[in-house]
Asker: 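Take a look at this one; I'll ask things after.
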Amino acid sequence: MKNSYFPGCNLKTEAKGFEQSAIAVSKALDAELVEMPEWNCCGTVQTMTTDNLMRRIAPVRVLSRASNHVKELKNSQNQVITLCSMCNSTLKIVNAEVKENPNDLEKINFQLENDDLVYEGDMEVKHFLEILRDDVGYENIAKKVTNPLEGMKIASYYGCMLLHPEKAKIDDEEMPTVMESIVLSLGAEVVDWPYFKQCCGSYHIVDRDDIVNSQVVKIIRNAKKTGANALIVACPLCAYNLDNQQVELEKLGVEKEPIPIFYFTQLMAIAMGLPQKVNHFEDHHINPILLLKELGLIGKKK
Amino acid sequence: MRIGVYVCECGKNISATVDVEKVVDYAKSLPNVAASRVYKYMCADPGQELIKKDIEELKLDKVIVAACSPRMHEPTFRAAIEDKGLNPYTLEIVNIREQVSWVHDDKKKGTKKAKSLVKSSVMRSALMEPLDRKKVGVTHKALVIGAGIAGIQAALDIAGSGYQVTLVEKTSSIGGKMAQLDKTFPTLDCSACILSPKMVEVGRNPNITLIANAEVEQVDGYVGNFKVKIKKKPRYVIEERCTMCDDCVPVCPVIVHDEYNENLSPRKAIYIAFPQAIPASYIINPDDCLGIDPLICSKCKDVCGPEAIDFDMKPEIIEDEFGAIVVATGFDTYPIENLGEYGQGNIPDVITGLEFERLISPGGPSTGDLRRPSDGKLVKNVVFIHCAGSRDPAKHLPYCSKICCMYSTKQALMFKHEVRDGTAVNFYIDIRTGGKDYEEFYQRAAEEAKVIYIRGKVSELIQDGDKILVKGVNTLTAETVELHADLVVLATGIIPSQGTKDIASVLRLSLGINGFIKEAHPKLKPVETSITGVFVAGCATGPKDIPETVSQAGRAAVRACNIIAQDEIEVEATIAHVDEILCRGCGICVGTCPYSAITLIDTKRFGNIYKVASVNEALCKGCGSCAAACLNGAINQFGFEDKQILAMIQALGEE
Amino acid sequence: MSYDYIEFGDTEKEFTSKIEEISGQNIFSCYQCGKCSAGCAFSNLMEKTINHTMQLVQLGKKEKVLQSNTHWVCASCLTCTVRCPREIDVAAVMEAIREYTLRYEPETIERLDLPEELLKKIPNIALVGSFRKKSEL
Ligand SMILES: Cc1cc2nc3c(=O)[nH]c(=O)nc-3n(C[C@H](O)[C@H](O)[C@H](O)COP(=O)(O)OP(=O)(O)OC[C@H]3O[C@@H](n4cnc5c(N)ncnc54)[C@H](O)[C@@H]3O)c2cc1C
Ligand code: SF4
Ligand code: SF4
Ligand code: SF4
Ligand code: SF4
């Protein structure tokens, strides 16, 4: 099975390890992510204004190109996959909005004429987590695990965009289970912690890192207190904020002993025994290799 | 033919939007109209006198009143014309209030619409014929379904009037939710102390037949003559023999959750719901017991001195007839599992109001000490969260559950009496204390017991070590607030019980949008239902406290007695009738009738047997569905004959 | 500061209806339960609570609403929206207040000077997101 995959802007740069591990995992699980051609930025944050169609053009352009891409890929479902919670949320919301309001879609399609594109409202947007849950299935993930993540105590961090709003949520907004289920199938221990949906501070990192820091402290302290030795995330921005700001907080003397942040497919790649280079751990701010070595999860001879 | 037309001003209710004088003048120009007048309040005595006088002096034979909805005053005006010898079914009401003045604001258009409606009614009136009301006999016995405080009170009141009443309860004991409460607002008297005398009286009263552990399976018939099938589940303990010695309980090896204690404590497969239970007998739950099928345990039977245990008991179907029915099937509380932000029931020390009642009760799982469920520690500070699920159209219940402000206040007060150095904090949006002595009770909680009230909603509850972190807001100081609690009590809202929904479908009662049984009129017929002869009391119609439940039960009892006291009662005259010549026996009407009043019967015509539809006159409510559905025009409804309706449509079309 | 004169003149009504228009929300659905404020992770940094802001929008108190930092501290996490019992998209109201400022009073917004190395380091999504929420871009 091949899936049309929309990378968005971060997965090619700071988060290349997220993308490469996800692609490697997707191949191993027969749900291959194939990058769609000619994609553009989705707009990152969806606009919540009612009167601004301009901001909905970029996502619709992505959807129409993805729709064409799906037709090229044989036997592919009408869905486009993202690896970023922000893209997932923006695309999902706009997709729902234009499906509900055909008049708006018509106006946007008029703008897309220059690109020879038209969007028919025929696509679904999915985060890769949904594919793993609904198309692949947890048992099939477990079957591929050759290197169970024994000793890892993982707090699954959802953040807000995977669960909010109603139109974009991938799971129950108050009590989600998809990430924990994946953690279990990888042979790691699930940490039951309440801060899984506390916002990381998001785009405030640009000019108000104090806001982000105050969130990161709360989240990380709670994860440690409940016994976690690592966090998994499903979004490059959450990853950056939790990863980089722990380092900053250490410099500021606010919080010591940072814990590593993984994108969920990086740990899947390790558990499934895929080549380690896909993970690009060198891009991380807190070195995850130390913990993995300590637990004997990498570097041992099979 | 001499028709009188009477137009009502209804104070300004009608005359503000309808030029009544113009309508009166217009009516005079219509065929057969012998009199046309306006009056300020037609329903008042002088208004009625006006009509009566005209009937006498002008020899009217039909009357039309253009006023409010026929649901309001049709009976008033029917009685008035009957008084002067006219047939009540020759009255026609034109609704120019709800259908004209209240829904329009343009006086010109309103007047025009009123005129057309009057015209169409004049046309119909000319074709109306006198009808007779049929009479049917009555069974002098009532059925009460559900034995919470509502059902108990209704049964006692009916029995007290000297009539036989059968009380059917689904569970092993009567008492309902009130039996689970510790103390009751606004007096703080002990719930069991005020309830158990009534329960004992139910067991003792010769006019009351109590059938517990039973459910009503089927109801046929109609007002005065309901035929009812009741399924009594086996108790496996012979009620009359059980001496309540409790010898069986220690030997029973099966341990399950105790529903009476809201699953906070264990019980055995053989048990009694609570010491004061009525019927006063133990019971075996067949789902829990090992002994019933297959026979692998009979420990209880072996120790039972009076030989009360009988594993061979079978379900029993009891068939009986009743003149009237009172439904009192009560409520449940909104499931905590739906409240994700409050832990969905996964945080052991976040409990519901009912669980709190059991925890603080001396007869409850922590024998009155108020120990919390997770680790049995004594509780020092409690947070009560009001409106848990209520007043939340976005995700939960849109309505106010009415009693939870008061019960949370009561529980906070009870807690403070129990734990004097403890703190009790209530998070509320609005405090609703609209009952006698309720406001004073709330003030007492704050003033005397120092219960803290914080105005604001809690957004999230988080397990933090062995405490619960409460994330709330204080809208009065305009700050978000956090605090740690040993125990959090959710004032979960009131929803119709499963039993209420079940019985509504057995009886085909209409439900309101929130699933409670719908009253015939929200103000003036609060215990009547969509079905004549079936009444409802207590929380089955919506959230209520005990005083309101009891008064409602009393009214339901009186209304039931109104029926069973009579030897015969009149049934609706505007019922359907079949023209057998036109009927081709297709049966479409049979499926259309919501009251199962139509059956196909055999009839002989030219020596052959044909199927034709036949209407049970007592069952038919005159809804007209069948008349509209019949493709052959074989069914008509008395008082709403096709020719009358067509005349109205034609009149409206002529404008 | 603890005195206010309530008046429903044109300015007040216009402000309220403009916010309603941009957000597509009925501001008057709010019954001041405060659940939005209670669940907001950033309320400790806000000068006014969210429900307080909602009330001020109902009353058309434009100056007070715009002076407060509440809508700028909002990170659009939408927790308020999913929990509001009255089905108000509260985050959209915050967005509408930002948009109102950006559209009608952009001169009140301070310009940012972001250092080069920060721009290099920070993920694109954060930059685009921030510009979209906080600037006229
Ligand atoms: C936590 C809490 C505290 C409260 N505290 C107070 C207080 O202090 N003061 C006060 O005035 N009020 C209080 N109330 C309200 C009070 O409990 C109700 O007003 C009262 O119980 C309503 O009685 P009911 O008979 O209508 O319903 P219920 O008590 O629910 O009784 C219904 C009965 O019908 C039975 N039944 C259901 N379906 C069927 C069926 N299909 N067939 C046969 N039987 C059926 C049930 O088993 C039950 O026995 C409190 C409520 C709660 C939740
Ligand atoms: S008859 Fe109806 S409309 Fe007229 S006064 Fe009475 S209530 Fe009002
Ligand atoms: S027969 Fe049933 S009720 Fe009796 S002791 Fe055995 S398990 Fe318990
Ligand atoms: S009675 Fe009070 S606690 Fe219950 S729903 Fe109404 S306002 Fe809320
Ligand atoms: S949660 Fe909704 S209703 Fe409650 S204060 Fe906030 S906006 Fe108003």
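Order of the sequence lines sets the chain letters (A, B, ...), proteins ahead of strands, with each chain counted from 1.
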Asker: Run F15(C) and Y100(C) through ring pair (Phe, Tyr, Trp, His ring centres under 6.0 Å) and show every step you take.
Answerer: CA-CA 9 Å; F15(C) 179 66; Y100(C) 183 93; 5.1 Å; yes
Asker: Is the H285(A)-Y240(A) ring centre distance short of 6.0 angstrom?
Answerer: yes
Asker: For the residue pair Q215(A) and Q198(A), confirm or rule out a side-chain donor-acceptor distance under 3.5 Å.
Answerer: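 Yes, a side-chain donor-acceptor pair sits under 3.5 Å.
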Asker: Given a strict heavy-atom distance threshold of 4.5 Å, which part of V73(C) is in contact with chain A: side chain, backbone, both, or neither?
Answerer: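 For V73(C), heavy atoms of backbone and side chain both lie under 4.5 Å from chain A.
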Asker: Where does K169(A) contact chain C at under 4.5 Å (heavy atoms): side chain, backbone, both or neither?
Answerer: neither
Asker: Relative to chain A, which of G39(C), A96(C), S76(C), C40(C) shows the most heavy atom pairs under 4.5 Å?
Answerer: S76(C)
Asker: Checking heavy atoms, do the side chain of C80(C), its backbone, both or neither come under 4.5 Å from chain A?
Answerer: neither
Asker: Side chains of K197(A) and Y157(A) only: does a donor on one sit below 3.5 Å from an acceptor on the other?
Answerer: no
Asker: Quick check on D210(A) against chain C: is it the side chain, the backbone, both or neither that has a heavy atom closer than 4.5 Å?
Answerer: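 No part of it gets close to chain C.
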Asker: Can you tell me which portion of A41(C) sits under 4.5 Å from chain A's heavy atoms? Options are side chain, backbone, both or neither.
Answerer: both
Asker: Can you tell me if N69(C) uses its side chain to pair, donor with acceptor, with the backbone of M46(C) under 3.5 Å?
Answerer: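 Not a single qualifying donor-acceptor pair exists.
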Asker: Pick whichever of N44(C), T81(C), L45(C), D89(C) has the most heavy-atom pairs under 4.5 Å with chain A.
Answerer: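 The option with the most such pairs is L45(C).
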Asker: Between K18(C), E105(C), E12(C), E14(C), which is the residue that forms a side-chain contact (heavy atoms from CB on, under 4.5 Å) with K62(C)?
Answerer: E105(C)
Asker: Let me know if S89(A) has heavy atoms under 4.5 Å from chain C in its side chain, its backbone, both or neither.
Answerer: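 Neither the backbone nor the side chain of S89(A) comes within 4.5 Å of chain C.
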Asker: For the side chain of Q67(C) and the backbone of K64(C), is there at least one donor-acceptor N/O pair under 3.5 Å apart?
Answerer: no
Asker: Can you say whether I22(C) sits under 4.5 Å from chain A via the side chain, the backbone, both, or neither, judging by heavy atoms?
Answerer: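 For I22(C), the contact with chain A is made by backbone and side chain together.
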Asker: Count the heavy-atom pairs under 4.5 Å between each of E174(A), R208(A), H204(A), E14(A) and chain C, then report the option with the highest count.
Answerer: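 Maximum pair count with chain C is reached by H204(A).
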